[in-house]
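By convention in this document, chain letters (A, B, ...) are assigned in the order of the sequence lines, proteins followed by strands, and residues within each chain are numbered from 1. Values below: every heavy atom of this structure, side chains too, minus hydrogens, waters and symmetry copies.
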Protein chains: 2
Amino acid sequence: MRIGELSERTGTPPRLLRYYEEQGLIIPERCANGYRSYDERLVDRVQQIRGLLDAGLPTRIIKQILPCLDKPSTIHFPDPTPEMLATLECELDRMTRRIDCLARNRDAIAAYLATVRGDGVTVAEPSSAEQDPAQQD
Amino acid sequence: MRIGELSERTGTPPRLLRYYEEQGLIIPERCANGYRSYDERLVDRVQQIRGLLDAGLPTRIIKQILPCLDKPSTIHFPDPTPEMLATLECELDRMTRRIDCLARNRDAIAAYLATVRGDGVTVAEPSSAEQDPAQQD
DNA sequence: CTTGACCTTCACACCGATGTGAGGGTTCGA
DNA sequence: TCGAACCCTCACATCGGTGTGAAGGTCAAG
């Protein structure tokens with residue numbers, strides 16, 4: 001598919017698709033006329049990229065971890081250098097910390113919302129601290 | 001404490017502490033000589049801010065959600081407007097999506113690392129897909 | 001053939017988070 | 001009293017992700 005279609009299907013401006021390419025995150029084919037030609041799988045990949053960018057990872061890092069995340073076979077990466085592994089471990093760690101931070105704050109927001117909505121208890125008075133755990137997301 | 005100590009204790013450059021103040025995220029006292037004076041609790045708060053920033057939230061949003069996250073009493077916020085609640089729900093949602101994305105990719109990285117490290121299986125050959133689920137974080 | 005929708009590259013601009021430095025005041029110890 | 005180590009404000013620079021426009025090539029439909 002060409003850039004317009006990928007743009008629509010991923011909700012990503014063409015400019016950004018070119019930017020991601022420039023950063024080495026995706027590598028489209030080229031048609032005879034110079035147009036970019038994207039593989040179907042790049043739809044998912046682009047959404048993955050956007051998600052990671054939104055979560056605060058820079059393209060430099062995303063580029064490093066993407067090759068390890070290809071679904072087909074889990075081991076797309078023949079010869080990972082030790083420093084590569086170290087980088088991955090480091091990022092693994094950072095991501096875990098991010099997740100913890102987000103989860104903690106999300107839960108706090110959820111609790112706040114549950115409280116102000118008066119889900120069984122009428123605001124103020126931090127006395128009892130139990131009710132049904134129906135806060136599924 | 002003054003800005004230097006807070007800076008050291010949070011690993012945050014003084015410039016950023018001033019920036020966070022400018023953005024309304026923290027509001028230090030002022031000594032007679034004009035120096036900023038930070039409350040002990042701001043150590044945690046600053047770290048929380050940094051975590052959220054690192055997780056991709058802009059200061060504008062952090063400023064909105066911080067008041068709902070004060071530990072002492074969960075209901076620091078007397079009169080939340082409906083649009084405020086809508087904002088919070090929206091952010092709750094975004095954070096959940098971020099968490100999902102991060103968790104998914106983190107797990108994939110962990111799986112990759114487990115594989116290349118040869119944790120019981122010797123690389124290549126994507127044949128069997130089971131081993132002990134000992135990937136606790 | 002022309003028009004319009006699509007694509008190309010290039011370049012400049014914006015915004016938010018952060019770095020850095022100038023110019024100047026305060027405090028404390030030598 | 002002097003110097004070092006703080007602090008202040010102000011302002012400009014950088015960097016990454018993104019927006020936008022100019023100048024031009026390709027292609028299908030009228």
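Taking 4.5 Å as the limit, every side-chain heavy atom of B/Val43 sits out of range of all side-chain heavy atoms of B/Tyr38. Residues B/Ile65 and B/Leu52 meet the side-chain proximity criterion, which asks for heavy atoms closer than 4.5 Å. Using a 4.5 Å cut-off on side-chain heavy atoms (C-beta onward), B/Leu57 and B/Arg94 make no contact.
A/Lys63 places its NZ atom 15 Å from the C1' atom of D/dG16, with the value rounded to the nearest Å. For the pair B/Leu57 CG and C/dG16 C1', the computed distance is 13 Å after rounding to whole Å. To the nearest angstrom, P of C/dT8 lies 8 Å from CD of A/Glu21. Straight-line distance from the CD atom of A/Glu22 to the P atom of D/dT18: 13 Å, rounded to whole Å. Regarding A/Leu17, its CG atom lies at a distance of 13 Å from the P atom of C/dT9, rounded to whole Å. A/Gln23 places its CD atom 8 Å from the C1' atom of D/dG16, with the value rounded to the nearest Å. Put simply, CD1 on A/Ile3 is 10 Å from C1' on C/dT8, counting in whole angstrom units. Regarding A/Leu6, its CG atom lies at a distance of 10 Å from the P atom of C/dC7, rounded to whole Å.
One finds a side-chain N or O of B/Thr59 lying less than 4.0 angstrom from the OP1 or OP2 phosphate oxygen of C/dA17. Between A/Arg30 and the phosphate of C/dT9, there is a side-chain N or O to OP1/OP2 separation shorter than 4.0 Å. In this model, the phosphate group of C/dG19 is not approached by any side-chain N or O of B/Arg18 to a distance below 4.0 Å at OP1 or OP2. In this structure, B/Asn33 reaches the C/dT27 phosphate: one of its side-chain N or O atoms is under 4.0 Å from OP1 or OP2. The phosphate of D/dG19 (OP1 or OP2) has no side-chain N or O of A/Tyr19 nearer than 4.0 angstrom. Look at A/Arg36 and you'll find a side-chain N or O under 4.0 angstrom from OP1 or OP2 of C/dT9.
Side-chain atoms of A/Pro58 lie closest to D/dG17 of the nucleotides D/dG17, D/dT18, C/dT8.
In this model, a side-chain donor or acceptor of B/Arg15 finds a partner on the base of C/dT20 within 3.5 Å. Residue-to-nucleotide contacts include a donor-acceptor pair under 3.5 Å from the side chain of A/Tyr35 to the base of D/dG25.
Ranked by how close their nearest DNA chain C nucleotide is to the 5' end, A/Arg2 and B/Leu53 are led by A/Arg2.
Within a 6.0 Å sphere centred on CD1 of B/Ile27, other residues, nucleotides and ligands contribute 12 heavy atoms or fewer.
Among the heavy atoms of the strands lying under 4.0 Å from B/Pro13 are primed sugar atoms or P, OP1, OP2 only; no base atom is included.
A salt bridge between B/Arg9 and B/Glu5 is present, with a side-chain N of the basic residue lying under 4.0 Å from a carboxylate O of the acidic one.
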